Trainee: 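Below is the structure I would like to discuss, written out as structure tokens.
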Amino acid sequence: MTAPDSLRIRRALLSVSDKTGIVDLAHGLAAFGVELLSTGGTARLLADSGLAVTEVADYTGFPEMMDGRVKTLHPKIHGGLLGRRGVDDAVMAAHGIAPIDMVVVNLYPFEATVANPGCTLEAAIENIDIGGPTMLRSAAKNHAGVAVLVDAADYAAVLAELRDNDGALGHATRFALAVKTFEHTARYDGMIANYLGTRTAGADAQFPRTFNAQLRLAQTMRYGENPHQRAAFYVEPAPAEACVATARQLQGKALSFNNVADTDAALECVKSFVKPACVIVKHANPCGVAVSPEGGIRAAYELAYATDPTSAFGGIIAFNRELDAATARAIVERQFVEVIIAPRVSAEALAVTAAKQNVRVLACGEWGSARAAGLDWKRVNGGLLVQERDTGMIDVADLRVVTARAPTEAELHDLVFAWKVAKFVKSNAIVYAKNRQTIGIGAGQMSRVYSAKIAGIKAADEGLTVPGSVMASDAFFPFRDGIDAAAAAGITAVIQPGGSMRDAEVIEAADAHGMAMVFTGMRHFRH
Ligand SMILES: NC(=O)c1ncn([C@@H]2O[C@H](COP(=O)(O)O)[C@@H](O)[C@H]2O)c1NC=O
């Protein structure tokens, strides 16, 4: 039995650039007696597979012309797609226009074409599909009488519905396919506008005149940053690397708005380390970070936790290795934790966390050694600030020793470690570290010297020893007071960008205290 709002498919037009799955779909349609119309290359492929197919050119009486610029742009096609069934039947019949009940189209590969570094403007323009989006939009607008397929991933489900519904498709399916189609053409046109918008006179090559992006709704949340704010999580169509948006949740309550933001902060920080590492984040700031080359993530977790157990309560914990059962047990037996994220989670670890079903456990997949380039967006009222992601990394070879004393090998390891952490601490950021463990973190203060004071207070409160530690500062010291305070606390080496008007005074202070200081030449403000 056919459902009342169903549409019997009698005639379909197939015109695809990406021919994946098209032959199987066409055979499936033919089995329901569907008449097939098609354009040049698609028609040849279908005919070669033994199907009876009418070329659009034969159907319209107009040849494909202008190197394919005009193939399907004809009233017999668009009338067949747009004609309102039951309203326009007479006019359609008068002009020899037959209804087309299904359109299967995917577009010239504009995105892949312009992604090629050697792509010319001419090649880009030739890859702007005109006839395809026009058919898609006609069909999607008239979804009351037409089914439209823009994605090969939908072919099997559509064939299955035809099988179950006597060769017809229900309204809900047609509506969903139409919405997907408009999303697709919007994205396609957005990409074209972005590309061409960087090529107008005087335009910036990276920032188009208008900013078009398409993000997919991944999740609606109970609330936003606060309970009176509604919220949702939108994700990019294809994130370039493993991230919070690609993560699979293996157990636990739904992620909250703040969970997603903090998980992102923790994960992006832990990606900075090659050896087994743990980052604990609270309110967007790392409150404990450690690397343990010998002890693995279990030892790294213990060290990270020890930095600031008070703040770690209810924190987000990220690892750069598979979460194992011993580490999972150490966490859940000790502390309240909101989220644990790792590239992978072993079955044994999951069996351990299962005892605490509220804990959200996420596996995000592996990432490579270099961070993917991309853009960061930050909303301000009435606008959007866009910048390149801070993928800047320093290498030991990039460091410039500016003091009489060079850092020892051990200090150097700690300086690089502390610098990597400081990059993920809100400015003004000061990080004290020793043996690749954070000893104190001062975050988000309006003056650098206060961040330094807080780092010292936290270390003292948790019984950690500052003397012999190193210090990282995300930006230069404007005055020598920060260095003097650090020396008084027992800091022996400093890493900072340099570049202050008073660098000479700051270096003099470090020398006077017998400290080693290196300049990175790179700043890592984070607001
Ligand atoms: N110009 C037209 O009338 C036209 N009609 C359909 N196309 C596109 O031609 C492609 C399929 O071509 P073929 O079947 O010849 O391989 C599809 O990407 C389809 O979107 C057209 N090409 C571009 O605009």
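Just so it is clear, the model here is predicted, and its values are computed rather than measured.
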Trainee: Going by atom types alone, do Ser256 and Asn258 pair a side-chain donor with an acceptor below 3.5 Å?
Mentor: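 Their side chains do not contain a donor-acceptor pair, so the 3.5 Å distance test is not met.
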Trainee: Determine whether the aromatic ring centres of His527 and Phe525 lie less than 6.0 Å apart.
Mentor: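 Ring-ring flag for His527/Phe525: true, centres closer than 6.0 Å.
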Trainee: Determine yes or no for a side-chain-to-main-chain donor-acceptor pair under 3.5 angstrom, with Thr327 supplying the side chain and Leu323 the backbone.
Mentor: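 No.
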Trainee: Got a second to check how far Thr120's OG1 is from Glu126's CD, nearest 0.5 Å?
Mentor: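 If we round to the nearest 0.5 Å, Thr120:OG1 and Glu126:CD are 9.5 Å apart.
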Trainee: Using a strict cut-off of less than 4.0 Å between a Lys/Arg side-chain nitrogen and an Asp/Glu carboxylate oxygen, indicate whether Lys423 and Asp474 qualify as a salt bridge.
Mentor: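 Between Asp474 and Lys423 there is no salt bridge, as every charged N stays at least 4.0 Å from the carboxylate O atoms.
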Trainee: Test of understanding: with side-chain contact (heavy atoms from CB on, under 4.5 Å), list the residues that count as partners of Ala57, not counting sequence neighbours.
Mentor: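 Ala57: no side-chain contact (heavy atoms from CB on, under 4.5 Å) contacts found.
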Trainee: Does a salt bridge link Arg187 with Glu111, judged by any charged N lying under 4.0 Å from a carboxylate O?
Mentor: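 Here Arg187 pairs with Glu111 in a salt bridge, since their nearest N and O are under 4.0 Å apart.
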Trainee: Distance check, rounded to the nearest 0.5 Å: Glu161 atom CD versus Thr173 atom OG1?
Mentor: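 The OG1 atom of Thr173 is 3.5 Å from CD of Glu161, to the nearest 0.5 Å.
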Trainee: Just how far is it from atom CG of Leu149 to atom CD1 of Ile22, taken to the nearest 0.5 Å?
Mentor: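 Result: 8.5 Å between the selected atoms.
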Trainee: With sequence neighbours left out, which residue pairs that include part of residues 85-107 fulfil the side chain to side chain donor-acceptor pair (under 3.5 Å) condition?
Mentor: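 Qualifying pairs, neighbours excluded: Arg84-Asp88.
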Trainee: Counting N and O atoms only, with roles assigned by atom type, does the side chain of Thr246 sit under 3.5 Å from a partner on the main chain of Ala242, one being a donor and the other an acceptor?
Mentor: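 A pair under 3.5 Å: no.
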Trainee: Should Glu366 and Lys271 count as an ion pair when the cut-off is N to O under 4.0 Å?
Mentor: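 Salt bridge between Glu366 and Lys271, a charged N being under 4.0 Å from a carboxylate O: no.
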Trainee: Are the aromatic rings of Phe257 and Phe233 close, with centres under 6.0 Å apart?
Mentor: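 Phe257 vs Phe233: aromatic centres not under 6.0 Å.
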Trainee: Testing the 3.5 Å rule here: is there a donor-acceptor pair between the side chains of Asp390 and His524?
Mentor: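 Their side chains do contain a donor-acceptor pair, which is all the 3.5 Å distance test asks for.
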Trainee: I'd like to know if the side chain of Thr42 and the backbone of Ser15 have a donor-acceptor N/O pair within less than 3.5 Å.
Mentor: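 Not confirmed, Thr42 side chain does not pair with Ser15 backbone.
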Trainee: Say whether, by atom type as modelled, one donor and one acceptor occur between the side chain of Arg360 and the main chain of Ile340 under 3.5 angstrom.
Mentor: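 Answer holds: no.
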Trainee: If only side-chain N and O atoms count, and only distance matters, is there a donor-acceptor pair under 3.5 Å linking Asn165 with Ser6?
Mentor: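 Judged by distance alone, the side chains do pair up.
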Trainee: For Arg10, is there an ion pair with Glu35 - N to carboxylate O distance below 4.0 angstrom?
Mentor: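 The answer is no: the pair does not qualify as a salt bridge.
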